[in-house]
Amino acid sequence: DVSGSVSQYVRFLLMLLFSFREAIPDIRTFAFSGRLEDVDETFEQLGFTAGMDRIVKTIGMSSTDYGQALSDLRVGHWGAIDRRSTIIMLGDGRSNYGDLRLDLFKEAAARAKRVVWLCPEPQSLWGTGDSGIPRYKPHCSVLAEVSSLKDLERTMDDVLSAYA
């Protein structure tokens, strides 16, 4: 999710994923607010800083729609998810009261080895207003509040320990 509500966190996570590309050559990176797009080519062509600026300007300028993003993933990239996949989602789960497409999220989770959701919003706000986090939670292997580098380190240590 590269929408304004999580923009201060998304740069760091995408930078982290971008740096993993040498060690994990089959990593795939997608960004969305309204529509989901594969952003690997953007990073390849422009590098991280210019690529991130373009992604925020072009993808991050619409209302967040998790349902549409999941539909786009289903239509264009479903084959990239298999039992070896770990889906890492960064977002607050707020979809402007739109359809969350829990059916597609549940199906993606069933196809993948793990689903790790990193939510920068405090747990006290989960389930308030248009937050879909409580509805996505049963389909996540890990759902963690991550609003600091320490939170991210702790969560990623837990995730990586499952692979050891």
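Note that the numbering runs from 1 along the sequence shown for the chain.
No more than 12 heavy atoms of other residues, nucleotides or ligands shown are found within 6.0 angstrom of CD on Glu41. More than 12 heavy atoms of other shown residues, nucleotides or ligands fall within 6.0 angstrom of atom CZ in Arg111.
Residues that satisfy the ring-ring contact (aromatic ring centres under 6.0 Å, His included) test with Trp117, not counting sequence neighbours, are Tyr66, Phe105, Tyr136. By the side chain to side chain donor-acceptor pair (under 3.5 Å) test, Glu37 pairs with no residue at all, sequence neighbours left out. Applying the ring-ring contact (aromatic ring centres under 6.0 Å, His included) criterion to Phe12, with sequence neighbours excluded, gives no partner residue. Phe30 is linked by a ring-ring contact (aromatic ring centres under 6.0 Å, His included) to His77, counting only residues two or more places apart in sequence or in another chain.
Taken to the nearest 0.5 Å, the CG atom of Leu104 stands 10.5 Å off from the CG atom of Asp72. Annotation: the span from Leu14 atom CG to Thr42 atom OG1 amounts to 11.0 Å, rounded to 0.5 Å. To the nearest 0.5 angstrom, Leu36 atom CG is 8.0 Å from Leu70 atom CG. Atom-to-atom distance recorded for Ile81:CD1 and Leu73:CG is 4.5 Å, nearest 0.5 angstrom. Put simply, CZ on Arg11 and CD1 on Ile55 are 9.5 Å apart, with the number rounded to the nearest 0.5 Å. In this structure, NZ in Lys113 is found 13.5 Å from CD1 in Ile87, a value given to the nearest 0.5 Å.
For the pair Asp65/Asn96, no side-chain contact is recorded, criterion being any heavy-atom separation below 4.5 Å from C-beta on. Two residues are said to be in side-chain contact when any heavy atoms from C-beta on lie closer than 4.5 Å; Met52 and Val39 fail this criterion. Side-chain contact check for Ser131 versus Asp92: every heavy-atom pair is 4.5 Å or farther apart.
At distances below 3.5 Å, at least one donor-acceptor pair connects side-chain atoms of Asp82 with backbone N or O atoms of Arg84. With hydrogens and angles disregarded, no donor-acceptor distance shorter than 3.5 Å links the side chain of Asp1 to the backbone of Leu90. Between the side chain of Ser141 and the main chain of Val115, a donor-acceptor pair closer than 3.5 Å is present.
Grouping the Ile, Leu, Val, Met, Phe, Trp and Tyr side chains by contacts below 4.5 angstrom, directly or via other members, places Ile27 with Val10. Under the 4.5 Å side-chain heavy-atom criterion for Ile, Leu, Val, Met, Phe, Trp and Tyr, Met89 and Leu102 are members of the same hydrophobic cluster. Under a hydrophobic-cluster definition in which Ile, Leu, Val, Met, Phe, Trp and Tyr are linked whenever side-chain heavy atoms come within less than 4.5 Å, directly or via other members, Ile133 and Val2 are assigned to different clusters. If you chain together hydrophobic residues whose side chains sit under 4.5 Å apart, Val116 and Met15 fall into the same group. Cluster membership for Leu125 and Leu100, using ILVMFWY side-chain heavy atoms within less than 4.5 angstrom, is not shared.
Using modelled atom types, one finds a donor on one side chain and an acceptor on the other under 3.5 Å when comparing Arg101 with Ser71.
In terms of heavy-atom proximity, Gly67 sits nearest to Ser95 at N-OG, 4.1 Å. Nearest heavy-atom pair across Gly34 and Ser62 is N-OG, 3.0 Å. Closest approach of Val6 and Pro120 over heavy atoms only: CG1-CG, 3.4 Å.
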Can I get a per-line list of side-chain donor-acceptor pairs under 3.5 Å for residues 142-152, giving both atom names and the distance, sequence neighbours left out?
from, atom 1, to, atom 2, distance (Å)
Glu145, OE1, Gln123, N, 3.1
Ser147, OG, Asp151, OD2, 3.3
Ser148, OG, Lys150, N, 3.4
Ser148, OG, Asp151, N, 3.1
Ser148, OG, Asp151, OD2, 3.4
Asp151, OD1, Arg154, NH2, 3.2
Asp151, OD2, Ser147, N, 3.0
Asp151, OD2, Ser148, N, 3.4

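A salt bridge is absent between Arg28 and Asp26: the closest approach of a Lys/Arg side-chain nitrogen to an acidic carboxylate oxygen does not fall below 4.0 angstrom.
Here Val75 sits alone; no ILVMFWY side chain lies under 4.5 Å from its own, so it joins no hydrophobic cluster.
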